[in-house]
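Below is one structure, written out as structure tokens; the observations come after it.
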Amino acid sequence: MNKIFIVGNWKMNPQTSREAIHLLSSIKTRIENTKKVEVVICPPFVYLAGIGKKKSAKIRLGSQDCFWEEKVAFTGEVSSLMLKDLGCSYVIVGHSERRKYFHESDTMINKKLKSVLGQGLRPILCIDKVSQIKKDIKGIPEKKVKKIILAYEPIWAIGTGKACSFKQAKKFNLSIKRVLGKNHPVLYGGSVSSQNALGYIKEAQFQGLLIGGASLKPKEFVKVIELMA
Ligand code: PEP
């Protein structure tokens, strides 16, 4: 049976490394049954090393972004190779906040995907339009495309408390699968809570969830994990 992915995107939170370790411990100590669930936590870059050292075997480490080149003069950037070295297994690519505030184009996202896949890590590719997929995966061999986890995140649902209806989300899920194949892993993201989480899996048939705000609330985040188990 395919595992359900529960991915926590901490975004630019919390504000200190001490709080980050505290948040991780509060999640870690609450998680019991993860047999059917792949739990991934994506903290800010600066906390990756610390979280990587303190996390349990039930939690996988993910990054919120990466750069596509491996070395030389790119001030401020972090490569997929560095992320792999820190113990990351997953990298979020093309989050709508990066597309919007940092003007990431499909061409840039395509290069990032190639870099992540080149390191043997799994990208979590965020899209809000099905038309983005073909541009983002251009030139990537089919075998590698299979390693990309898609995350359908309607922009208007992110951080707004207005989650997408299961019916509409399912429609997008099926459209994505028409492009990538019926068994391709697709996650839903956008105002997920313990109240609506199960509906996206059971009714809308997603293979997991990408969670922002609720991943910063240990009780709520673990409740979602337990619901999947
Ligand atoms: C996200 O940041 O990817 C996200 C889905 O955020 P939220 O759960 O807060 O809507």
Side-chain angles (χ1 to χ4, degrees), residues 4-15 19-20 23-24 26-27 37-48 51 59-66 88-104 109 112-113 116 122-130 132-133 136 148-166 168-170 172-173 176 185-201 203-228:
I4 300 286
F5 294 92
I6 299 296
V7 184
N9 174 14
W10 286 3
K11 309 197 187 196
M12 204 170 70
N13 296 291
Q15 271 62 59
E19 287 168 277
L23 176 57
L24 172 78
S26 316
I27 293 169
V37 191
E38 178 87 335
V39 180
V40 184
I41 287 183
C42 304
F45 283 140
V46 288
Y47 303 146
L48 281 170
I51 297 287
I59 296 172
R60 299 297 202 107
L61 196 61
S63 166
Q64 298 172 17
D65 185 31
C66 71
C88 285
S89 311
Y90 297 88
V91 181
I92 297 174
V93 177
H95 191 280
S96 62
E97 285 153 14
R98 297 217 55 89
R99 291 185 193 252
K100 181 176 172 192
Y101 301 120
F102 304 98
H103 311 289
E104 283 194 10
I109 287 160
K112 290 187 178 196
L113 286 175
V116 173
R122 286 196 84 172
I124 300 167
L125 169 63
C126 301
I127 56 143
D128 87 312
K129 288 181 208 77
V130 180
Q132 289 163 328
I133 302 174
D136 294 345
I148 302 173
I149 297 165
L150 250 284
Y152 168 59
E153 296 209 304
I155 292 177
W156 53 265
I158 298 179
T160 59
K162 293 180 198 144
C164 186
S165 72
F166 303 143
Q168 195 184 342
K170 185 176 177 182
F172 273 92
N173 186 5
I176 293 166
V186 185
L187 319 184
Y188 168 80
S191 297
V192 170
S193 69
S194 60
Q195 301 294 307
N196 59 24
L198 212 48
Y200 291 110
I201 308 299
E203 280 189 46
Q205 297 169 10
F206 285 91
Q207 206 188 312
L209 303 161
L210 178 51
I211 307 176
S215 71
L216 299 168
K217 299 175 192 151
K219 266 193 199 161
E220 181 71 355
F221 187 60
V222 175
K223 205 166 162 186
V224 172
I225 296 167
E226 297 297 333
L227 281 169
M228 305 299 136

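Counting starts at 1 for both ligands and their atoms, following the listed order. Residues take their numbers from the sequence shown, with the count starting at 1. Quick caveat, the model's predicted, so the values are computed rather than measured.
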Next item on the list: Of the side chain and backbone of Cys126, name the one, both, or neither that has a heavy atom under 4.0 Å from an atom of ligand 1.
Entry: neither
Next item on the list: Just need the protein heavy atom nearest to atom 1 (C) of ligand 1, so name the residue and atom and give the distance.
Entry: His95 NE2, 3.3 Å
Checklist line | Nearest heavy atoms of Glu153 and Gly190, plus distance in Å | finding: OE2-N, 4.2 Å
Next item on the list: Give yes or no for whether the N/O distance cutoff of 3.5 Å, strictly under, is met between Gly159 and ligand 1.
Entry: yes
Next item on the list: Would you mind telling me if ligand 1 is within reach of the side chain of Asn9, the backbone, both or neither, using heavy atoms under 4.0 Å?
Entry: side chain
Check: Do any N/O atoms on Ala214 end up under 3.5 angstrom from N/O atoms on ligand 1?
Finding: no
Item checked: Full working for side-chain contact (heavy atoms from CB on, under 4.5 Å) between Leu125 and Gln132 -> CA-CA 10 Å; Leu125 169 63; Gln132 289 163 328; over 6 Å; no
Margin query: Please list, in number order, the atoms of ligand 1 under 4.0 Å from a heavy atom of Leu210.
Written below: 3 (O), 5 (C)
Notebook entry, point to check: Do Phe221 and Ile211 have side-chain heavy atoms sitting under 4.5 Å apart?
Noted result: yes
Next item on the list: Starting from atom 8 (O) of ligand 1, find the nearest protein heavy-atom neighbour and note its residue, name and distance.
Entry: Gly212 N, 2.8 Å
Check: Quick one: does Gly213 get an N or O within less than 3.5 Å of an N or O on ligand 1?
Finding: yes
Note to self: If you measure every N or O of Glu153 against every N or O of ligand 1, does any of those distances drop under 3.5 Å?
What the structure shows: yes
Notebook entry, point to check: Is the closest N or O pair between Thr160 and ligand 1 shorter than 3.5 Å?
Noted result: no
Margin query: To check you understand the geometry: which heavy-atom pair defines the closest contact between Ser191 and Gly159, and what is its length?
Written below: OG-N, 3.9 Å
Check: Which is it for Ile4 and Leu209 under the side-chain contact (heavy atoms from CB on, under 4.5 Å) test, yes or no, and what are the steps along the way?
Finding: CA-CA 8 Å; Ile4 300 286; Leu209 303 161; 6.0 Å; no
Note to self: List ligand 1 atoms under 4.0 Å from Gly190, heavy atoms only on the residue side.
What the structure shows: 5 (C), 10 (O)
Check: Should the ring pair Phe166 and Tyr200 be called parallel, tilted or perpendicular, given that the plane angle runs from 0 to 90° and is split at 30 and 60?
Finding: perpendicular
Checklist line | Numbering as shown, the atoms of ligand 1 that approach Ala157 to under 4.0 Å (heavy-atom distance) | finding: 10 (O)
Notebook entry, point to check: Is there a side-chain contact between Lys112 and Asp65, using heavy atoms and a 4.5 Å cut-off?
Noted result: yes
Check: Between Asp136 and Arg99, is there a side-chain N and carboxylate O pair less than 4.0 Å apart?
Finding: yes
